[in-house]
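See below for the structure under consideration.
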Amino acid sequence: MPELPEVETTRRGVAPFLSGRTIETLVVREPRLRWPVDPAWSENLAGRRIQSVDRRAKYLLIDVDGAHLIWHLGMSGSLRVITDGRAPDKHDHIDLVVDTGHCLRFNDPRRFGFLLFTQAPLAKHPRLMGLGPEPLSEAFNGELLYRRSRGRRTSVKGFVMDSATVVGVGNIYASEALFLAGIHPRRPAGRISRARYAALADAIKTTLAAAIEQGGTTLRDFSDSDGRPGYFSQSLSVYDRAATPCPHCASLIRREVIAQRATYFCPRCQR
DNA sequence: AGACAGACCTGTGAGC
DNA sequence: TGCTCACAGGTCTGTC
């Protein structure tokens with residue numbers, strides 16, 4: 001599920017249950033995530049106080065007295081707060097138990113997600129170095145896209161999905177933002193004007209901000225929630241809408257593989 | 001440096 | 001019902 005809006009929604013949902021709490025244990029039922037989880041971290045974590053729950057790109061960052069947990073949801077991961085002590089389900093790989101008796105429970109069928117523990121400064125962490133700006137920050141704008149794209153021959157879709165360009169633009173929102181900006185996803189990144197990149201930066205911000213807002217309404221209850229909500233599909237213009245009419249011109253939406261991923265666009269509105 | 005293919009792993013839905 | 005296949009929201013690594 002997780003693109004940036006889902007990760008941010010998760011952060012907002014779980015932070016109130018964690019901030020200020022003291023960690024009791026880390027329960028590792030399945031250490032084989034993308035990178036192995038070391039159950040011995042539990043001893044080091046026990047007694048540490050959770051100072052904050054932040055996000056950088058699609059990484060959740062939990063500050064535990066100066067050390068850090070870095071949590072990534074991968075393709076199929078989710079986090080929720082368990083307050084009723086219920087037994088874990090299938091694929092509930094990890095619990096972070098705090099002193100209220102609640103726990104943050106990680107479920108991930110595909111195990112592409114990961115949890116890292118580090119006592120080194122986050123700024124030097126290899127997973128976080130080299131990341132581009134946050135899409136909703138002022139540092140991200142059309143001028144940045146324009147400058148970084150000069151000489152690049154890769155598709156604009158691949159370019160905006162590259163975390164060195166800007167973080168948090170995943171496959172769904174890349175298609176959506178390019179549609180909103182009227183740019184063909186296969187167009188070479190280096191051959192797009194300043195003005196069009198200004199429109200694309202705006203479209204990325206608009207699309208992500210709207211999705212976060214919806215996440216806030218559809219995913220509000222992060223404790224004990226059972227069902228995972230659908231994917232805001234009602235508000236998507238082109239993603240997963242192949243062969244249905246474009247909302248602007250009624251041409252049929254196309255699906256093609258671009259930048260090695262399924263890509264949806266209107267062949268008439270996007271040039 | 002930049003571009004691409006392949007890798008990780010399980011679940012789901014389509015088609016037979 | 002049960003098999004096989006294609007495909008799925010991310011990102012790292014290796015190779016040219």
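In what follows, every chain begins at residue 1, and chains take the letters A, B, ... in the order their sequences are listed. Worth knowing before you read on, the calculation uses all heavy atoms, side chains too, and leaves out hydrogens, waters and symmetry mates.
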From the list B:dA3, B:dC4, C:dA8, which nucleotide is the closest neighbour of the side chain of A:Tyr264?
C:dA8
Is a side-chain N or O of A:Glu134 found less than 3.5 angstrom from the main chain of A:Arg56, in a donor-acceptor match?
no
Looking at C:dT11, does its base get a donor-acceptor pair with the side chain of A:Arg34 below 3.5 Å?
yes
Test side chain to side chain donor-acceptor pair (under 3.5 Å), reference A:Thr263, set A:Lys157, A:Glu256, A:Arg186, output is A:Lys157
Under 4.0 Å between any heavy atoms, over every strand shown, what does A:Arg111 touch: base, sugar-phosphate, or nothing? Just pick one.
sugar-phosphate
Using a 5.5 Å cut-off between ring centres and planes within 30 degrees, is A:Phe112 stacked on the base of B:dC9?
no
Check step by step if ring pair (Phe, Tyr, Trp, His ring centres under 6.0 Å) holds for A:Trp71 and A:Tyr59.
CA-CA 6 Å; A:Trp71 222 318; A:Tyr59 301 96; over 10 Å; no
Using only atom types and a distance under 3.5 Å, with no angle test, would you say the side chain of A:Glu24 pairs donor to acceptor with the backbone of A:Gly47?
no
In whole angstrom, give the distance that lies between atom CD of A:Glu3 and atom P of C:dA8.
13 Å
Report yes if the distance between the aromatic ring centroids of A:His68 and A:Phe117 is under 6.0 Å, otherwise no.
no
The residue among A:Val169, A:Ile183, A:Thr207 that forms side chain to side chain contact (heavy atoms under 4.5 Å, CB included) with A:Leu178 is A:Ile183
From CZ of A:Arg150 over to C1' of B:dA1, roughly how many Å is that when rounded to an integer?
17 Å
Are the aromatic ring centres of A:His72 and A:Phe112 under 6.0 angstrom apart?
no
Length of the OH-C1' vector between A:Tyr59 and C:dC12, whole Å:
9 Å
Would you indicate which nucleotide in B:dC9, C:dG10, B:dG11 comes nearest to any side-chain atom of A:Arg110?
B:dC9
Give a yes/no answer on whether the side chain of A:Ser76 brings an N or O atom under 4.0 Å of OP1 or OP2 in B:dC9.
no
Which listed nucleotide (B:dG6, B:dA3, B:dG11) is nearest to the side chain of A:His91?
B:dG11
Say you pick atom P in B:dC9 and the same atom in C:dC3; how far apart are they, in whole Å?
24 Å
Protein-nucleotide distance (A:Asp162, atom CG; C:dC12, atom P), rounded to Å
11 Å
Expressed in angstrom and rounded to an integer, what is the separation of A:Leu73 atom CG from B:dC9 atom C1'?
16 Å
Read 5' to 3' with Watson-Crick or G-U pairs under 3.5 Å, [ ] for crossing pairs and | for partners on another strand, DNA chain B gives .|||||||.|||||||
Tell me which nucleotide among B:dC4, B:dA3, C:dT11 gets nearest to the side chain of A:Lys58.
C:dT11
Short question: side chain of A:Arg21, backbone of A:Ile23 - any donor-acceptor pair under 3.5 Å?
no
Are any of A:Gln260's side-chain N or O atoms less than 4.0 Å away from OP1 or OP2 of B:dC4?
no
Categorize A:Ala262 for me: base, sugar-phosphate, or nothing, with a 4.0 angstrom heavy-atom threshold over every strand shown.
sugar-phosphate
Does the plane of the ring in A:His184 sit parallel, tilted or perpendicular to the ring in A:Phe265? Use 30° and 60° as the thresholds.
tilted
Quick one: is C:dT11 close enough that its OP1 or OP2 comes under 4.0 Å of any side-chain N or O from A:His72?
yes
Verify the contact: side-chain N or O of A:Arg32 to OP1 or OP2 of B:dC8, cut-off strictly under 4.0 Å; return yes or no.
no
Please tell me which of the listed nucleotides, C:dA8, C:dC12, B:dA3, lies nearest to the side chain of A:Arg152?
B:dA3
A:Leu60 CG to C:dG10 P: how many Å, rounded?
15 Å
Hey, which of these two, A:Ala259 or A:Lys90, hits DNA chain B nearer its 5' end, going by closest nucleotide?
A:Ala259
Select base, sugar-phosphate, or nothing to describe what A:Phe159 touches, counting heavy atoms under 4.0 Å on all strands.
nothing
What nucleic acid atoms does A:Arg261 come within less than 4.0 Å of, heavy atoms only: base, sugar-phosphate, or nothing?
base
Specify the separation, in whole Å, of atom CD of A:Glu6 and atom C1' of C:dG10.
12 Å
A:Leu33 has an atom CG; how far is it from atom P of C:dG10, in whole Å?
18 Å
